[in-house]
Amino acid sequence: MNTKVSTTLNKQWWHDAVVYQIYPRSFCDANGDGIGDLAGIIGKLDYLQKLGINLIWLSPVYKSPMDDNGYDIADYQDIAAEFGTLAEIERLIAEAAKRDIRILMDLVVNHTSDEHPWFLAAKSSPNTPYRDYYIWRKPQADGSPPDDQRSFFGGSAWEFDEASGEYFFHLFSKRQPDLNWENPAVQQEVHQMMNWWLDKGIGGFRMDVIDLIGKQVDDKILTNGPRLHPLLQEMHRASFGPRNVLTVGETWSATPQIARMYSDPAREELSMVFQFEHVTQTWDPEHGKWKPRPFDLVEFKRIIAKWQTELADSGWNSLFWNNHDLPRAVSKYGDPGRFRVESAKMLATALHCLKGTPYIYQGEEIGMTNVRFDSIDDYQDIESLNFYRERTAAGVPHADMMEGIYANGRDNARTPMQWDDSFNAGFSDGTPWLKLNPNYRQVNAEAALADPDSIFFHYQRLISLRKESEVMVYGDYQQLLEEHPQVFAYQRRLGEQRLLVLNNFSAQPVELDLPTELTGIEGQGLIGNYSLRHRLDERVSLAPYESFVMAFSLTSSPT
Ligand code: NOJ
């Protein structure tokens, strides 16, 4: 095993790439059954090409009973009928390639569906070799579960199997049994399956909760288990290592030091990981996401500075505001009302000018917002529904639980993509599987494409800047105005080149005194959501949610 952490950064093709995440169920429905599908995605590739993205992270489209919308896979080598066919995904890969877009498949191998043939076989008899593909334990003497470990979706992590009198382990729903990664046969099956997809020409994998695969259940070690990194090194060797693809791990438990272990190329594990420290700082430390805390900009800046500097020379950051499990960026960190457009653009600039690979979640590029359905019956997400049931039964008032769901529930991100202001926002001719956000008449892709000043074109410009500006990709990060309660300011530095990025995270105008070394500087305004700035005066005023980026060179500036 290679344990070295290197200190130099070799350029990789994905360093200046931008990834767009598609949640297929909610993206575009071509056949009118109310559920998005592969044909729908193919029909929107020109839109994505126009945006300028390089990769699509496709949330799971595999055969599945859809207990967790496809994160419960019944066949890794087949496509769910509601999404399409294998021929259609091959067509998607080929059509995307024509537009220089590569597909990242979602690799969900911490668990399978309980309808996966491996689990069906495992359940059929304690003596089949498949039994050991999963994690089984005997009950305690009184018949209760082996221990008190809890599922992330509520309730015990152990489910009783009547037939064998044993419990199996599931960290998500009871229909998502955890695979036993201690079993070499499981490892080999997964490597083979990955190679089968790689042979189809995909651009890599997003790896679902990959930090859980090294778990030691009996010691109650779930994340960052002792076998995690050796397992990933083995996976690298046996599958994607020689293929030059992008791999990104979902790792809720990563610290910068751990992220370097995953993403230092010398260690031959992953390209990068998603870390969630900036997300969880808005959750109550005791009650979690269902009891949100207000966003704290100063704390956010401390977190970002830490990750930017600690992964500066080895490892690589992934950059994101939201995904299919998180609330909409503009609702969480910006203003979904009066300053929706300004704040969505500001958030885009603030994120895309950092060092790392940016991820855009579908609809973010048009400023889609959270949704507030009146009734819990309008929600579909298994996590929200389980916790609603569990907590209201335990006495949490309905209204408090709904506030938690409005703030952080996963259906915020899953309402159908808003393509235009027609019936069902152009998403489907049928009845959408989840209700639409009623603001689709104003907030939609067609309106964005008709307005050269839209959020869409702001993203387009940021994506193309990344291709033009080396300092944006490789410059180091210097935090400015650490304690300022409204402004997120930083510089990127590469040789003599500088990028100054100023973002007002509030609806109040701000007057700033910049550090003396920045005053009087002249440069080139690259992007702004009010106007471009080519010069910095001693005092800089920022309008509500204003942000701008100025490039300059030390040699051309009077300092
Ligand atoms: C993380 C995925 O992003 C989420 O949607 C899913 O429910 C869990 N992993 C379980 O696969």
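One is the number of the first residue; the rest follow in order along the sequence. Note that ligands are numbered from 1 as they come in the structure, with each ligand's atoms numbered from 1 the same way.
Under a 3.5 Å cut-off, the side chain of H15 and the backbone N or O of Q12 do form a donor-acceptor pair.
Between D148 and K220 there is a salt bridge, since a side-chain N of the basic residue sits under 4.0 Å from a carboxylate O of the acidic one. With respect to R137 and D218, a salt bridge is recorded, a charged nitrogen being found less than 4.0 Å from a carboxylate O.
Checking each of W283, F320, Y333 against H278 for a ring-ring contact (aromatic ring centres under 6.0 Å, His included) leaves exactly one that passes, namely F320.
Applying the 6.0 Å contact sphere to NZ of K355 captures more than 12 heavy atoms from other residues, nucleotides or ligands.
Atom CD of residue Q281 and atom CD of residue E277 lie 9.0 Å apart, to the nearest 0.5 angstrom.
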At less than 3.5 Å, what protein N or O atoms come close to the N or O atoms of ligand 1? Include the distances to 0.1 Å.
residue  : atom   : partner : partner atom : Å
ligand 1 : 3 (O)  : R206    : NH2          : 3.1
ligand 1 : 3 (O)  : H324    : NE2          : 2.8
ligand 1 : 3 (O)  : D325    : OD2          : 2.4
ligand 1 : 5 (O)  : H324    : NE2          : 2.9
ligand 1 : 5 (O)  : D325    : OD1          : 2.7
ligand 1 : 5 (O)  : D325    : OD2          : 3.4
ligand 1 : 5 (O)  : R410    : NH1          : 3.3
ligand 1 : 7 (O)  : D68     : OD1          : 3.4
ligand 1 : 7 (O)  : D68     : OD2          : 2.5
ligand 1 : 7 (O)  : R410    : NH1          : 2.9
ligand 1 : 9 (N)  : D208    : OD1          : 2.9
ligand 1 : 9 (N)  : D208    : OD2          : 3.1
ligand 1 : 11 (O) : H111    : NE2          : 2.9
ligand 1 : 11 (O) : D208    : OD2          : 2.7

